[in-house]
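Before any comments, here is the structure.
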Amino acid sequence: MRFAVLRFPGSNCDQDCLRTLRDNFGAHAEPVWHKETSVAGFDAIIAPGGFSYGDYLRCGAIARYSPVMRAVREEAERGTPVLGICNGFQILCEAGLLPGALVRNRGLHFICRQIHLRLENNSSPFTRAGLIGQVLRVPVAHGEGCYYADNDTLQRLEDKDRIAFRYCDADGNVSPESNPNGSLHNIAGILNEKGNVLGMMPHPERACEERLGSTDGRLVFESLINSAMAAIQ
Amino acid sequence: MKEPAITPEVISKHGITPEEYERIRGILGRDPNFTELGIFSVMWSEHCSYKNSRPELKKFPVTGDRILVKAGEENAGVLDVGHGWAVAFKIESHNHPSAVEPFQGAATGVGGIIRDIFTMGARPVFLMDSLRFGPVEKDAPGAAGNRRLLSGVVSGIAHYGNCIGLPTIGGETWFDETYAGNPLVNVFCLGVLRHDQIARGAAKGIGNPVFYVGAETGRDGLAGAAFASRELTEESKEDRPAVQVGDPFREKLLLEACLELLASGAVAGIQDMGAAGLTCSTCETASRGGSGIDVDLDLVPKRENGMTPYEILLSESQERMLVIVKKGQEDCVRQSFEKWDLPCAEIGKVTGDGIMRIRAGSEVVAEIPASSLTDEAPVYHREAADWTPPEVLDIASVPETDVQAALPLLLAHPTLARKRWIWEQYDHMVRNGSVVGPGSDAAVFLARECGKFLAASVDGNGLVTRLDPREGGRRCVAEAARNLACSGAVPLGATDNLNFGNPHKPEIFRQLRDAVEGMAEACRAFGTPVTGGNVSLYNENPSGPIDPTPVVAMVGLIEDEAHITRQSFREAGDDVWLLGERSAGLDGSQLLLIAHRRKEGRPPQTDLAAEVALQNTLRQAIRAGLIRSAHDCAEGGIAAALAECCLSGDQPVGAEVNLPDDGLRYDESLFHEAPGRIIISSGPENRKKLERHFADNGIPVRFLGATCGKDLSIGLRGKTHRWELDGLFRAWDGALQDLMDTVAEPLAAH
Amino acid sequence: MKIRVTVLPKPSVLDPQGVAVAGAMKHLGWENPGRVRVGKVIEIDSPGACPDEAKLHAICRDLLSNPVIEDYSVEFLEP
Amino acid sequence: MKIRVTVLPKPSVLDPQGVAVAGAMKHLGWENPGRVRVGKVIEIDSPGACPDEAKLHAICRDLLSNPVIEDYSVEFLEP
Ligand SMILES: Nc1ncnc2c1ncn2[C@@H]1O[C@H](COP(=O)(O)OP(=O)(O)O)[C@@H](O)[C@H]1O
Ligand SMILES: [Mg+2]
């Protein structure tokens, strides 16, 4: 199983992703510098969290023009799973690989805390190992994580079952109180039309060890690894 | 270009005394020119030379068998943590910039301390912050302004630390009139490195090229000197900023590029450009290397046109480094910085004549013996007023406080309230090492680079130091060590930040001297050398100097993950115990301050020998697996500590305890702040063992009761006070949030 | 040549910063500031000539603003 | 009544955003955008009248900008 972890100037969760994939899943994971023009030959591509280009202007607005993003688009079209986490999600939206945008948190401040997610789709390569309605405890850490899209887009996401995760409380209730940033429809993660691109604000790579408070994030990486295995057979 | 003449005004405006000026003439054998005067003024300022505090700092213990780089030797001290690994850490203040522009002031403070750490060749892994502000409660005088400062400082720290990807895993935050208009913003950074990775800030190797790397130089931070250089640039005076603007993105690139470069072996010496940027870095590297240095300002990357040598040399632009490169390796350096899209220029050479020679093209604009600016800077032994210990508080003069009402009141006071509103704005989880994040006595961090569990705590108590400076010094060290002990860690070393008023006032200097002696005494007792620190003087506001506020950050090690201990009760059915001596009095307590608005009394004295025994014995008990939780009693006394034990876990856990009758008043028993007391919980199966363990080691241990239910109830002399945890939690957890939600926040300047 | 590009959140997008600023203005004694929106301004002071309309608008649309959430307008301040 | 307040970093203050944006513009084919500065714009669309000069400027100075590092300018768009 070969993971590519993109590295933009200002990425800061790239090392966490690489280490988690290697140490907790024995996967092969390589950093890929933003100036590379190819990401061929990987089973999955991860756009990690951080502050690419300082998040100046808008989160992900400048990173989307990195040479590597053209290659990522090609791979995505070829069906390779692409996972955008936090800043990675923002970049994928700016790059048009996912619809909508992530704007300033409703509360204006950066928030770092454990939150709960309800799994809404278990047919994607990122969520296969889970059950619909399953509640995951995973941290968020962002200042611009409020998902916005126009009504038609939201309708399409709902109808086509493209919402992967929603913010909820510990019992799985999706409510305004359990929405940390004001995201429309409590959206925490969405899929592209083909289902091989996932963007999510929460950090699954921070929830893969008991000692860090939760192992619920493993589900995303285990799903990816299973799907890759399946693909090989 | 025409430089202004050196007049007595110009000299005094540079903060240089007539005696110092004579000394300068002696060193140069002539009058300095304007640029040289500027150089001396910054290098001989308190900030760079510690001329008023150096004799005091010599009192700190600085040696120990773990010390790899001693205090003062380099930008930060380095301590061995075993298996060929080491840690570099330091705390630094940015009080005055934060008062002017809280967001950028605090942000650039973070940037500066991070550079100090990676300059040592270490990979920075976490931050802590120690903050103090004026009152922020609803109708407190100046509350609105203080809230803005708090909100600006916190978002500034968040902005810089989060962007670089460093978790802020702990800190402390106090609120008191004394800090109104003069907030304290001290930031700590720790990095890890292998012994063989330690980098030096020395200009070694005659003929080695000197490189300038990082952000271009602009007229940042010149306001301090602006008055003097007015003649130079009348037009630009208006928009010359006192506060530098930080660029965490650039710093992140600089950090990665420098660590990459250091690994390549091409570097002979490296030094960050902090205060007095180019000036300080050139003469310090030269004097450390016992060499000279020769640079051409025309080659320095600049952000603005028409900058004078004076401006270039004194600019405090951020995110810049000076790198001494091994001859022949220049291309290696250029390539690294190209890869990271960072400016980089060869600006000069290391020489053998011990002179700092600054050129602007063909013209020599400054020529000064490097060591005269650093080692030979003036040192002053200030006069200290003598001190009469304060009266012990006459408890009868304090109307007895209603204990039932006092606990929620104290817990809702910003100083004691939960700091979640602050730490949730910090990414305290990035780097996947925050095993115990903010919210327990000490933070515990797994440094993945070396697989070590590091514990850290930062503590200070301005109120106690005001009443009794020596005790204040002892106490902050003892508390930091106690916080580490509670988390299961062995303290290794400390770094200190001395926040005081104007040292020319004898009573202020006396506070400084006594506090330092108290800290030094305590550091010796705990065997924790001071690896470095920072001095911030002249912290005054219109109503006078701040309460003297020494702050210490201590770092410890936990060898076995199983020994990591938290402050929160784990579950119902555990025994609850109190460790430590009984004591009395409300002297210097938060109850006396908050409920009675009195800063009075003789704070109970820290018994260092007892404290050391207590902490060692607790660690043994933790290693023996006898302890389920441990929390020290600090602000708010035993009652606040018990509440924190109940409330600070993932789930609240109630407790029913009875306090031993020490013949004290109820409010005294519950809220007095005698140091050296710890609340622990343990499994009932270990009751006998645990009692024997502490008794055998001569540690007072008293059974208080058990964890249970959804209330906290405290009995004393047959009378029981009971609080619902829900209510206490709302008071404690919500207080800061509720206050800050009402802030009219200025738009962040970024 | 001097250009100013102003970028404001679309009316349909909620603008918490604008709401906060309006609240703060009331605090400072402006009883009813009405609707406040906070956006970005990008001031370009270029020695050379400005690129052709098409390219300029491409830059405004794709880089300086995000059409999903923002509208932009261009002012030519100096030739 | 419609007012627009524009807040820009002082000319001599470092503007990291401006630098980053200029870089990106080059990338998009504007060879030499020259000096780019990024600031804030606050658009106020108020039903009532505008507060007196003094109060308005106090708001701009204390709330909308920080005089230490920023300059602001006020435009009256509609009466
Ligand atoms: N400014 C801050 N940033 C991060 N954490 C903080 C801050 N202020 C307080 N904390 C955290 O809140 C908890 C309680 O702080 P404090 O009362 O100072 O602890 P103690 O009294 O045990 O030293 C600690 O875990 C501390 O790290
Ligand atoms: Mg403590």
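Chain naming here is simple, since letters A, B, ... match the order of the sequence lines and numbering starts at 1 in each.
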Does [X], at its [atom1] atom, have more than 12 non-hydrogen atoms belonging to other residues, nucleotides or ligands within less than 6.0 Å?
| X | atom1 | result |
| --- | --- | --- |
| A:K160 | NZ | no |
| A:R70 | CZ | no |
| A:E193 | CD | no |

query: Which distance, rounded to the nearest 0.5 Å, do you find between the CD1 of C:I69 and the CG of A:D150?
result: 12.0 Å
Approximate separation, where rounding is to 0.5 Å, of C:N66 CG and A:R64 CZ: 8.5 Å
- prompt: Are A:Y65 and C:D62 close enough that some pair of their side-chain heavy atoms sits under 4.5 Å apart?
  reply: yes
field: Side-chain donor/acceptor of A:R58 to backbone N/O of C:L64, under 3.5 Å
entry: yes
field: C:L63 to A:I62 - nearest heavy-atom pair and separation
entry: CD1-CG1, 4.4 Å
statement: Smallest heavy-atom separation, C:P16 atom then A:N105 atom, equals CG-O, 3.9 Å
field: Heavy-atom contacts under 4.5 Å, residues 72-100 of chain A to chain C
entry: A:E94, A:G100
